[in-house]
Amino acid sequence: LYLGGGPHFDSLMELRNSLRARDDVILAGPRQDAKDFIAAADICVVPSIWQEACPLGVLEPMAYGKPVVGTKVGGIPELLDYGRCGILVTPRDVRGLADALQELLINPALRLAYAERARARAEQMLDMWSNGTRLADLLRATADTALPEPTTSSATVPDRRLTEYARALRHQTVSDA
């Protein structure tokens, strides 16, 4: 099952139609109900060659607790915690991709371990409270050094407000927020 589109979708359709097993390959295209397919999947594969910083095709299955096989491009290795939350393969390595899939298909314990770690990592990365706390800590730590003192001649009103806000955050605890 292939979800999504992209500039090469027509070529992919031609390739699928040339296969003897073409009836076993479903090219569903872009779908509004993709989450239902992800929830029903046993394994999700993202054989990307594109340099995406945070591909949703990886993050969404992780959030559903699905093991992911992804390529070593863009943000995929970081999302998969460099192989701790899924299997990483070299882009365009068909044999490596097939081996990774086979490994997950024949080893349910490994599949479950990757799924559990993927879910936990997605929860950690998507936790708004944790992310907000880290951002506030960063703003507090850099407020006195990174932001110049606003002057009436050099700073615009939004610049002064940002600086004042960052300085106020520096003296505020998360529980005060």
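Predicted model only: the values in this text are computed from it and were never measured.
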Could you check whether any side-chain heavy atom of N131 comes within less than 4.5 Å of a side-chain heavy atom of R134, counting everything from C-beta outward? yes
Minimum heavy-atom separation for A41 and C44, please, with both atom names. CB-SG, 4.1 Å
Contact summary for G65 and A115, nearest pair of heavy atoms: O-CB, 3.0 Å
Any donor and acceptor pair, going by atom type alone, linking the side chain of N17 with main-chain N or O of M13 inside 3.5 Å? yes
Considering all heavy atoms of both residues, which atom of L3 and which atom of A28 are nearest to each other, and what is their separation? CD2-CB, 3.7 Å
Are D81 and R117 packed together at the side-chain level, in the sense that at least one heavy-atom pair is separated by less than 4.5 angstrom? no
Can L59 and L126 be said to form a side-chain contact (heavy atoms from CB on, under 4.5 Å), step by step? CA-CA 9 Å; L59 195 53; L126 298 173; 3.9 Å; yes
Under a 3.5 Å distance rule, please check whether Q51 uses its side chain to pair with a backbone N or O of G74 as donor and acceptor. yes
Using a 4.5 Å cut-off on heavy atoms from C-beta on, say whether the side chain of M62 contacts that of L80. yes
Should M125 and L79 count as side-chain neighbours, where that means a heavy-atom distance under 4.5 Å? yes
Please name the pair of heavy atoms, one in F9 and one in L27, separated by the smallest distance, quoted to 0.1 Å. CZ-CB, 3.9 Å
Are V45 and V68 packed together at the side-chain level, in the sense that at least one heavy-atom pair is separated by less than 4.5 angstrom? no
Any donor-acceptor N/O pair, R22 side chain to L19 backbone, under 3.5 Å: yes
Could you check V94 against R92 for side-chain contact (heavy atoms from CB on, under 4.5 Å), going step by step and ending with a plain yes or no? CA-CA 6 Å; V94 176; R92 302 180 196 271; over 6 Å; no
Can you confirm whether more than 12 heavy atoms, excluding those of E123, are under 6.0 Å from its CD atom? yes
Take F37 and L1, measure what side-chain contact (heavy atoms from CB on, under 4.5 Å) needs, and give me the verdict at the end. CA-CA 9 Å; F37 288 94; L1 172 65; 3.3 Å; yes
So, the side chain of D127 versus the backbone of S130: is there a donor-acceptor pair under 3.5 Å, distance only? yes
To the nearest 0.5 Å, tell me how far R111 CZ sits from I106 CD1. 10.5 Å
Pair Y64, R119 - check side-chain contact (heavy atoms from CB on, under 4.5 Å), show working. CA-CA 6 Å; Y64 276 92; R119 171 67 189 220; 5.7 Å; no
Are V58 and L88 connected in a single hydrophobic cluster, I mean Ile/Leu/Val/Met/Phe/Trp/Tyr linked by side-chain heavy atoms less than 4.5 Å apart? yes
Taking C-beta and beyond as the side chain, do V69 and V46 meet within less than 4.5 Å on heavy atoms? no
Please check if I43 and I38 belong to a single hydrophobic cluster, counting links between Ile, Leu, Val, Met, Phe, Trp and Tyr side chain heavy atoms closer than 4.5 Å. no
Return the minimal non-hydrogen interatomic distance between A118 and C85, and the atom names on each side. CB-O, 3.7 Å
Is it the case that the side chain of K66 and the backbone of D42 share a donor-acceptor pair, with hydrogens and angles ignored and the cut-off at 3.5 Å? no
Residue pair I76 / T71, side-chain heavy-atom distance below 4.5 Å: yes
Would you say Y114 and L101 are hydrophobically clustered, going by side-chain heavy atoms of ILVMFWY under 4.5 Å? yes
Side chain proximity check, Y2 to R16, heavy atoms < 4.5 angstrom: no
